[in-house]
Amino acid sequence: MDGGAAQAAGLRAGDRVQAVDGVSVRDGQHLRSLIRSAVGPAGEARAQQWRLERQGQVLDIEVRPTPEQRDGAWVGRIGAYVGGLPA
């Protein structure tokens, strides 16, 4: 999404995330959980170090999920589809 945290970090369609802050990513659900947890209890964003594969190359980038309040709790969002487009 234009202006989202994913775009600001330079993420591209087709990037495969291998790890976040040194934690191996198992699947899209696990990655979404890691993204959501990147916000403190008062809504402060926390930068994450991502290792990803893009067209056969391994890249390390910093991603800072955007805080968003959901059902009274703060969660991180990146403004991108994780795991593919919804059906």
Side-chain angles (χ1 to χ4, degrees):
M1 295 175 60
D2 286 340
Q7 184 181 49
L11 289 168
R12 297 183 189 165
D15 286 350
R16 298 183 58 89
V17 181
Q18 297 176 338
V20 174
D21 291 336
V23 175
S24 293
V25 174
R26 296 184 303 268
D27 55 28
Q29 182 176 352
H30 184 220
L31 178 56
R32 286 188 293 275
S33 175
L34 292 168
I35 294 166
R36 285 192 298 269
S37 70
V39 178
E44 64 276 12
R46 185 178 61 81
Q48 296 176 313
Q49 301 304 312
W50 288 27
R51 173 159 284 179
L52 57 93
E53 181 184 339
R54 177 183 295 155
Q55 298 176 339
Q57 292 186 317
V58 175
L59 304 171
D60 292 314
I61 63 170
E62 181 177 282
V63 179
R64 185 177 297 272
T66 303
E68 184 177 294
Q69 204 162 30
R70 291 268 173 123
D71 299 322
W74 288 100
V75 296
R77 303 289 300 235
I78 63 167
Y81 293 112
V82 174
L85 296 173

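The model shown is predicted, which means the values in this text are computed figures rather than measured ones.
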**OP:** Evaluate the criterion side-chain contact (heavy atoms from CB on, under 4.5 Å) for residue pair Val25 and Val17; output intermediate values, then yes/no.
**Re:** CA-CA 7 Å; Val25 174; Val17 181; 3.9 Å; yes
Would you compute the distance between atom [atom1] of [X] and atom [atom2] of [Y] and round it to the nearest 0.5 angstrom?
X: Met1; Y: Tyr81; atom1: CE; atom2: OH; value: 7.5 Å
X: Ser33; Y: Arg26; atom1: OG; atom2: CZ; value: 8.0 Å
X: Arg36; Y: Glu68; atom1: CZ; atom2: CD; value: 11.5 Å
X: Trp74; Y: Glu44; atom1: CH2; atom2: CD; value: 9.5 Å

Nearest heavy-atom neighbours spanning [X] and [Y]:
X: Ala5; Y: Arg64; answer: CB-O, 3.3 Å
X: Gly72; Y: Gln69; answer: O-NE2, 3.9 Å
X: Leu52; Y: Ile61; answer: CD2-CD1, 3.5 Å
X: Val63; Y: Ala9; answer: CG2-CB, 3.8 Å
X: Pro65; Y: Ala45; answer: O-CB, 3.5 Å

**OP:** Evaluate the side-chain contact (heavy atoms from CB on, under 4.5 Å) criterion for residues Ile78 and Thr66: first the C-alpha distance (whole Å), next the side-chain angles of each, then the deciding distance (0.1 Å), finally the verdict.
**Re:** CA-CA 6 Å; Ile78 63 167; Thr66 303; over 6 Å; no
Original post:
In this structure, which one of Gln49, Arg46, Gln48, Arg51 forms a side-chain hydrogen bond (donor to acceptor under 3.5 Å, both in side chains) with Asp21?
Top reply: Arg46
Original post:
Is a salt bridge present between Glu53 and Arg16, judged by a nitrogen-to-oxygen distance below 4.0 Å?
Top reply: no
Original post:
Passes side-chain contact (heavy atoms from CB on, under 4.5 Å), Trp50 versus Leu11? Steps please.
Top reply: CA-CA 10 Å; Trp50 288 27; Leu11 289 168; 3.7 Å; yes
Subject >> Donor-acceptor pair, side chain of Gln57 and main chain of Gln55, under 3.5 angstrom >> reply: no
Subject >> More than 12 heavy atoms of other groups within 6.0 Å of Arg12 CZ >> reply: no
**OP:** Give a yes or no on whether Val23 and Ile35 share a hydrophobic cluster (residues Ile, Leu, Val, Met, Phe, Trp, Tyr; joining criterion: side-chain heavy atoms under 4.5 Å apart).
**Re:** no
